[in-house]
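Lettering of chains follows the sequences in order, A, B, ..., and the numbering in each one begins at 1.
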Number of protein chains: 2
Amino acid sequence: MKATIYDVAREAGVSIATVSKVINSKGKISEERRREIFAIMERLQYQPSVIASALTGKHTYTLGLLIPDIANPFFGEVARAVEDRGHQLGYSVIICSTDNKDERIEQYLSVLKQKRVDGIMIGTGMGNADTLRELRGAMPVVAIGRELPAVPVHAVVADDRQGGRSAAEHLLLLGHRRMAVLSEGMAVSSSRDRLHGFRQKLEEEGVPLPERHVRPCKHRIEHAKREAAVMLEGSDRPTAIFCCNDLLAVGALQAAKEAGIKVPGELSVVSFDNTVLASVTDPPLTSVAQPMERIGAAAVDLLLEQFGQGAAPARRRVTLRTELVVRASTALAPHNE
Amino acid sequence: MKATIYDVAREAGVSIATVSKVINSKGKISEERRREIFAIMERLQYQPSVIASALTGKHTYTLGLLIPDIANPFFGEVARAVEDRGHQLGYSVIICSTDNKDERIEQYLSVLKQKRVDGIMIGTGMGNADTLRELRGAMPVVAIGRELPAVPVHAVVADDRQGGRSAAEHLLLLGHRRMAVLSEGMAVSSSRDRLHGFRQKLEEEGVPLPERHVRPCKHRIEHAKREAAVMLEGSDRPTAIFCCNDLLAVGALQAAKEAGIKVPGELSVVSFDNTVLASVTDPPLTSVAQPMERIGAAAVDLLLEQFGQGAAPARRRVTLRTELVVRASTALAPHNE
DNA sequence: CTGAAAGCGCTTACAG
DNA sequence: CTGAAAGCGCTTACAG
């Protein structure tokens, strides 16, 4: 049978209270006793039960992470960052891939509550504002990667607007004037902000961005490819496309290839996220990098900060800068106008 | 304060034992009472504490998943499959990215024990056989994706040998005779088996595979690129390369491009895993697909099967077939010999 | 069909 | 510096 605190106490000839204290470095215990007790724990292969200690009102040292899909490289990298920071601080993370489905979200939330996790990070859409409001009343929550509409919660996000701007700046500097955008659904705040920043910069420079050149896409390569193909038809086609994530950019690349349009010679493509995909395509993608490591770490920190405090302190936002990583998918605009 | 089983019992005018029974569908409770109690639980927003119930000797309904890196697309897909199957059956999964480092492995294992997870899936290397032996004595374990040396544990793996064979068959059919292999370290059983199957098939057909054309690589694109570049020097260079995973194949593709060697015209590349990367490169990769979904699901099933049984039942292995997915990175061998 | 009581393995005041 | 006792929120025989 597994050793318990009673076994350790008996061996050491002390009370379980004393053992508990040495485990948690609390109270004053003579150095000698503490050594002895550690030795006994070692010998008995004693592993204190987090379950039992959690029941006594302490933390479970477990966090929940809601994301659309852990198999998506972007979320995989974010999850890794969350995991690492959590691990450093003594927390484990339970992954919850929601596919952005309300049903799965509710199920996972219920499970996480029953397991009494110490807090939840939400990187997925949340259709139901009531659910979120209720959740926020029950435990610390932080939005990660995107804002959650309707309910004010802490959030850590990339500076999507500035990221969009820097994509625009890059293309403008290369002389592009006819541009297009492949965006995600407008329900996603991060995607809206990227587009907003991009468009704003173009407006400042007096470069038009016709509505028909802004196409929202589902989060799938084939879909992006189809949308891009449509954009690339006709003679007044754009010389540059800004894609709101790497997957969309892959679709754009494939569409261009099928249409016999050379990237970057005849078409520049700027992407967003800078996941591993960006370095794997041919040509490799110029991409606005999100600081995924820092996003993950900040989310954990923001979550843990809330432990001390009572219910719902002032809302906090952490915005992290993006950085344009230039690769081979962008070049000077063709001057055959 | 959070509602407890006592609150529900009080409201319903019954004992906590009765409430417990309706929660767990145990014993005989009149239909009327059961409805009433459910209604009260609903009204009180009662969420039974998994913590408390776990302490009573039941399961924690939490599983541990050890993998090298959740940010690696292959493991991300496996993790997703594990998560889904676990979720279906009422289990959560804690991710543990080990980077194959013994220190991290030990830390995570210790945490998982303290949290009393119901079982552990190991998809990472395990240098220390003693650790594993000890672990296996303490709780259900299954190896996932590769064998664990030295200690017999249940395992679910792809049929790597057959996968290697089918890669070879494909290339032979296309007329290739001068082949090379980019493999992972030989410590990894799956990589060994892939190479073994590949080589065996070649031998059967009397096609040589010179030792200098078999190069072990680290799990990084740049490293693979460098190794491939060396292989592609000289005039007797291979007309086909078999890469033991998608990342290595990306490296090979990049090396070929830099050397001005056309894929698939002058060089065919076959990959293994068939992660999202395989469909993103240019040309997209012909790849031996691992059935990641089924691997993940089988691992969970194999783990849960052990719950009923006493310590260490007979060792079981589940081997799942691979499938060659042909894309555009392979073609007929050039006949300019 | 229902309930009283013991017990799971800890932590936390409180007393000494 | 150390220990006795209550309590965390459940489940499980056992008795009725």
Side-chain angles (χ1 to χ4, degrees), chain A residues 1-38 40-41 44-62 90 111 113-118 138-139 307, chain B residues 1-38 40-41 44-62 90 111 113-118 138-139 307:
Chain A
M1 234 14 242
K2 231 177 177 32
T4 72
I5 198 172
Y6 289 97
D7 302 319
V8 177
R10 189 179 332 107
E11 288 289 300
V14 299
S15 74
I16 60 165
T18 302
V19 177
S20 173
K21 276 163 201 151
V22 346
I23 292 170
N24 300 294
S25 318
K26 283 196 175 166
K28 299 276 147 206
I29 307 283
S30 70
E31 192 48 33
E32 201 180 338
R33 265 213 197 305
R34 110 186 266 92
R35 271 189 210 299
E36 192 190 336
I37 290 175
F38 270 126
I40 292 171
M41 297 198 300
L44 264 38
Q45 296 199 39
Y46 170 66
Q47 300 267 15
S49 166
V50 173
I51 295 295
S53 108
L55 189 56
T56 320
K58 296 216 311 180
H59 295 167
T60 52
Y61 294 102
T62 303
V111 169
K113 280 182 202 161
Q114 294 184 191
K115 295 206 166 154
R116 305 294 194 257
V117 295
D118 294 330
M139 69 174 77
F307 289 176
Chain B
M1 233 13 241
K2 227 175 181 30
T4 71
I5 198 171
Y6 288 96
D7 302 318
V8 177
R10 191 181 328 109
E11 288 288 301
V14 298
S15 74
I16 60 164
T18 301
V19 177
S20 172
K21 276 163 201 151
V22 345
I23 293 171
N24 300 294
S25 318
K26 282 194 176 168
K28 300 276 146 204
I29 308 283
S30 70
E31 192 47 34
E32 202 181 337
R33 264 213 199 307
R34 119 188 259 88
R35 272 188 209 300
E36 191 190 334
I37 290 174
F38 270 126
I40 292 170
M41 295 197 302
L44 264 39
Q45 296 199 39
Y46 170 67
Q47 300 268 15
S49 165
V50 173
I51 295 296
S53 109
L55 189 56
T56 320
K58 297 217 312 181
H59 296 166
T60 52
Y61 295 101
T62 302
V111 168
K113 281 183 202 162
Q114 294 183 188
K115 294 204 168 156
R116 305 294 193 258
V117 295
D118 294 330
M139 69 175 78
F307 289 177

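Judged by distance alone, with hydrogens and angles left aside, A:Tyr6 brings no side-chain donor or acceptor close enough to the base of C:dC8 to form a pair under 3.5 Å. A donor N or O paired with an acceptor N or O is found under 3.5 Å between the base of D:dC10 and the side-chain atoms of B:Thr56.
Between the CG atom of A:Leu55 and the P atom of C:dT12 there is a distance of 12 Å, rounded to whole Å. B:Lys115 has its NZ atom 16 Å from the C1' atom of C:dC10, to the nearest Å. Following rounding to the nearest Å, A:Ile51 (CD1) and C:dC10 (P) show an atom-to-atom distance of 11 Å. B:Gln47 has its CD atom 15 Å from the C1' atom of D:dC10, to the nearest Å. Regarding B:Arg10, its CZ atom lies at a distance of 12 Å from the P atom of D:dG9, rounded to whole Å. In this structure, CD1 of B:Ile5 is placed 18 Å from P of D:dG7, rounded to the nearest angstrom. Counting to the nearest Å, the P atom of D:dC8 and the CZ atom of A:Arg116 are 13 Å from each other. The NE2 atom of A:His59 sits 13 Å away from the P atom of C:dT11 (whole-angstrom rounding).
In this structure, CE in A:Met139 is found 10.0 Å from CZ in A:Phe307, a value given to the nearest 0.5 Å. In this structure, the separation between CD1 on A:Ile37 and CD1 on A:Ile40 is 6.5 Å, given to the nearest 0.5 Å. One finds the OG1 atom of B:Thr4 at 13.5 Å from the CD atom of B:Gln47 (value rounded to the nearest 0.5 Å). The distance from the CZ atom of A:Arg116 to the NZ atom of B:Lys2 is 5.0 Å, given to the nearest 0.5 Å. Rounding to the nearest 0.5 Å gives a distance of 11.0 Å between CD1 of B:Ile51 and OG1 of B:Thr56.
The shortest side-chain heavy-atom distance between B:Phe38 and B:Arg35 does not fall under the 4.5 Å cut-off.
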Dot-bracket for DNA chain D, 5' to 3', counting Watson-Crick or G-U wobble pairs under 3.5 Å, with [ ] for crossing pairs and | for inter-strand pairs? |||.||||||||.|||
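Side-chain proximity of B:Ser20 to the nucleotides D:dG9, D:dT11, C:dG9 is greatest for D:dT11.
Between the side chain of A:Asp118 and the main chain of A:Tyr61, a donor-acceptor pair closer than 3.5 Å is present.
Nearest-nucleotide positions on DNA chain D place B:Thr4 closer to the 5' end than the other of B:Lys26 and B:Thr4.
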Anything under 3.5 Å between a donor and an acceptor, one on a side chain of residues 14-21 of chain A, the other on a protein residue two or more places apart or in another chain? List them.
unit_1  : atom_1 : unit_2  : atom_2 : d
A:Ser15 : OG     : A:Ala17 : N      : 3.3
A:Ser15 : OG     : A:Thr18 : N      : 3.3
A:Ser15 : OG     : A:Thr18 : OG1    : 3.2

Would you list the protein and nucleotides 1-3 of chain C atom pairs, both N or O, that sit under 3.5 Å from each other?
unit_1 : atom_1 : unit_2  : atom_2 : d
C:dT2  : OP1    : B:Arg33 : NE     : 2.4
C:dT2  : OP1    : B:Arg33 : NH2    : 3.3
C:dT2  : OP2    : B:Ser30 : N      : 3.4
C:dG3  : OP2    : B:Ser15 : N      : 3.0
C:dG3  : OP2    : B:Ser15 : OG     : 3.3
C:dG3  : OP2    : B:Thr18 : OG1    : 2.6
C:dG3  : O6     : B:Lys21 : NZ     : 2.9

side-chain contact (heavy atoms from CB on, under 4.5 Å) between A:Thr60 and A:Lys115, worked out: CA-CA 8 Å; A:Thr60 52; A:Lys115 295 206 166 154; over 6 Å; no
